[in-house]
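To keep things clear, I will list the structure first and then write my remarks on it.
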Amino acid sequence: MQELLLDVHRRLAERYIHLKWWPADTDFEMACGAILTQNTNWRNVEKAIAGMKDGGLMSPEAVLSADYEFLKECIRPSGYFNQKAERLVILSRFILDLPGGTISGLAEYPAERAREMLLDLKGVGEETCDSILLYGAGFPVFVVDAYTMRVFTRLGILESKKYGEYQRMFMDNIEPDAELYGMYHGEIVEHAATVCLKRSPKCGECVLAEICERKGVAES
DNA sequence: AGCCAGGCCTGCC
DNA sequence: GGCAGGCATGGC
């Protein structure tokens, strides 16, 4: 399994080259992006992030002191703005209470504790939590999302709907390495979102075609 | 014109 | 513990 997972990574890395994934100027912007991208196309998230910046809201202090309706207007393009505005406020308050008042302050805690703290926040589920832990605070936790499940189910590597099972598959077989985990997850998203395996897979055209064939996955 | 997007919560069973 | 329904906008 370890060899297979690293093989997929190598093939993706050859095709999708990026220095550091999860584009964001600050860890706060990264964390906001994690909220804003919930069930939402990244193109719309970019508009909302730009909206927050234009509105002068790209800091936890600014979010907390802003007019609530104005905050909603700024993030409107990302959809679900009523829920997401509340989640941004909750997240901002949480961040200011961390050591140093920043997301990176989470690194003061053991990974398990930091994960619990984030999951306790209303509006932060497993994917949002792990994204922040990995890309915001540098913990070596593997992020699983809809793309990850779709790709690895499609490859015939793991048939499951459970977040934890996918995460364990990666973390039990690949050494903890935040840099590697971040790259790998980024490659999966780039691959699934831009080229292949969106809804109707055409494995014959993608860099994972050989693996599809080896696993006996039919092209369609 | 629909269908979909880098989820999560609530309320039911 | 699993599963439907709701949340909202913009792109293709």
Side-chain angles (χ1 to χ4, degrees), chain A residues 8-9 12 15-16 18 20-24 27 29-52 54-55 68-92 94 103 115-137 139 141-155 158-168 170 178 181-202 206:
Chain A
V8 171
H9 169 50
L12 291 175
R15 175 88 167 68
Y16 308 100
H18 45 264
K20 189 186 175 192
W21 201 60
W22 205 297
D27 57 5
E29 181 182 330
M30 183 273 136
C32 290
I35 297 288
L36 295 171
T37 197
Q38 291 171 354
N39 199 37
T40 302
N41 191 299
W42 185 258
R43 298 189 63 88
N44 287 358
V45 177
E46 287 178 325
K47 296 179 198 291
I49 288 174
M52 287 181 70
D54 290 346
Y68 194 52
E69 295 305 313
F70 178 64
L71 173 60
K72 289 184 185 177
E73 286 311 306
C74 290
I75 64 169
R76 173 180 287 274
S78 75
Y80 306 115
F81 52 84
N82 288 303
Q83 294 181 344
K84 288 176 178 176
E86 181 189 10
R87 292 171 189 184
L88 289 176
V89 168
I90 291 170
L91 178 69
S92 295
F94 171 74
I103 282 291
R115 194 164 197 275
E116 286 174 4
M117 291 165 69
L118 281 169
L119 286 176
D120 278 343
L121 301 179
K122 185 178 175 188
V124 175
E126 293 193 286
E127 185 193 334
T128 305
C129 166
D130 289 334
S131 297
I132 292 173
L133 288 177
L134 175 62
Y135 294 110
F139 285 100
V141 297
F142 206 96
V143 177
V144 176
D145 56 23
Y147 288 148
T148 310
M149 299 201 213
R150 199 181 309 161
V151 169
F152 285 82
T153 295
R154 185 59 205 169
L155 286 172
L158 178 56
E159 187 81 30
S160 170
K161 289 183 172 178
K162 297 195 184 115
Y163 185 99
E165 290 189 23
Y166 285 90
Q167 187 173 53
R168 250 177 278 118
F170 290 103
Y181 285 3
M183 298 276 279
Y184 201 164
H185 174 245
E187 290 152 10
I188 292 167
V189 174
E190 297 279 326
H191 178 69
T194 62
V195 178
C196 197
L197 292 166
K198 293 205 75 165
R199 283 295 178 191
S200 51
K202 292 195 168 71
C206 86

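Letters A, B, ... are given to chains in the order of the sequence lines, protein chains preceding strands, and every chain is numbered from 1. As a basis for the values below, the full set of heavy atoms in this structure was taken, side chains included, without hydrogen atoms, waters or symmetry mates.
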Inset, instruction - For the pair A:Lys72 (side chain) and A:Phe81 (backbone), establish whether a donor and an acceptor sit closer than 3.5 Å, ignoring hydrogens and angles. - result: no
Inset, instruction - Would you mind checking if A:Glu73 and A:Arg76 are paired as a salt bridge, meaning a charged N to carboxylate O distance below 4.0 Å? - result: yes
Inset, instruction - Answer with base, sugar-phosphate or nothing: what part of the nucleic acid does A:Tyr80 contact at a heavy-atom distance below 4.0 Å? - result: base
Inset, instruction - Without swapping roles, check the side chain of A:Thr153 against the backbone of A:Leu158 for a donor-acceptor pair under 3.5 Å. - result: yes
Legend entry - A:Lys84 NZ to C:dT9 P, straight-line distance once rounded to whole Å: 11 Å
Inset, instruction - Specify the residues of residues 117-133 of chain A, ordered by number, for which at least one heavy atom lies under 4.0 angstrom from an atom of DNA chain C. - result: none
Legend entry - Value in whole Å for how far the C1' atom of C:dA8 lies from CD1 of A:Ile75: 11 Å
Inset, instruction - Please list, by residue number, the residues of residues 37-50 of chain A whose heavy atoms come closer than 4.0 Å to an atom of DNA chain C; answer none if no residue qualifies. - result: A:Asn39, A:Asn44, A:Lys47
Legend entry - For the student: nearest non-hydrogen atoms of A:Glu29 and A:Ala24, plus distance: OE2-CA, 3.6 Å
Legend entry - With A:Phe142, the ring-ring contact (aromatic ring centres under 6.0 Å, His included) member among A:Tyr181, A:Tyr166, A:Phe152: A:Tyr181
Legend entry - Exercise: identify the closest heavy-atom pair between A:Val45 and A:Leu36: CG2-O, 3.5 Å
Inset, instruction - Among A:Ile35, A:Leu118, A:Val143, A:Val144, find the residue that satisfies the side chain to side chain contact (heavy atoms under 4.5 Å, CB included) test when tested with A:Ser131. - result: A:Val143
Legend entry - Side-chain N or O of A:Lys162 closer than 4.0 Å to phosphate OP1/OP2 of C:dG2: yes
Legend entry - Donor-acceptor contact present, side-chain A:Gln83 to main-chain A:Gly123, <3.5 Å: no
Legend entry - Main-chain N/O of A:Gly33 paired with A:Thr37 side-chain donor or acceptor, under 3.5 Å: no
Inset, instruction - Check whether any side-chain nitrogen or oxygen of A:Arg87 sits under 4.0 Å from OP1 or OP2 of C:dC7, and answer yes or no. - result: no
Inset, instruction - Nearest whole angstrom, please: distance from the C1' of C:dG6 to the CD of A:Gln83. - result: 8 Å
Inset, instruction - State plainly whether the residues A:Glu46 and A:Arg43 are in salt-bridge range, i.e. N to O under 4.0 Å. - result: no
Legend entry - A:Lys122 bridged to A:Glu86 by N-O distance under 4.0 Å: yes
Legend entry - Rounded P spacing from B:dC3 to C:dG5 in Å: 16 Å
Legend entry - Between P of C:dG10 and CG of A:Leu36, the distance in whole Å: 14 Å
Legend entry - Whole-Å P distance, B:dG2 and C:dA8: 23 Å
Inset, instruction - Using a 3.5 Å limit on both pairing distances, list the dot-bracket string of DNA chain C from the 5' end; Watson-Crick and G-U wobble pairs count, crossing pairs take [ ], interstrand pairs take |. - result: |||||||.||||
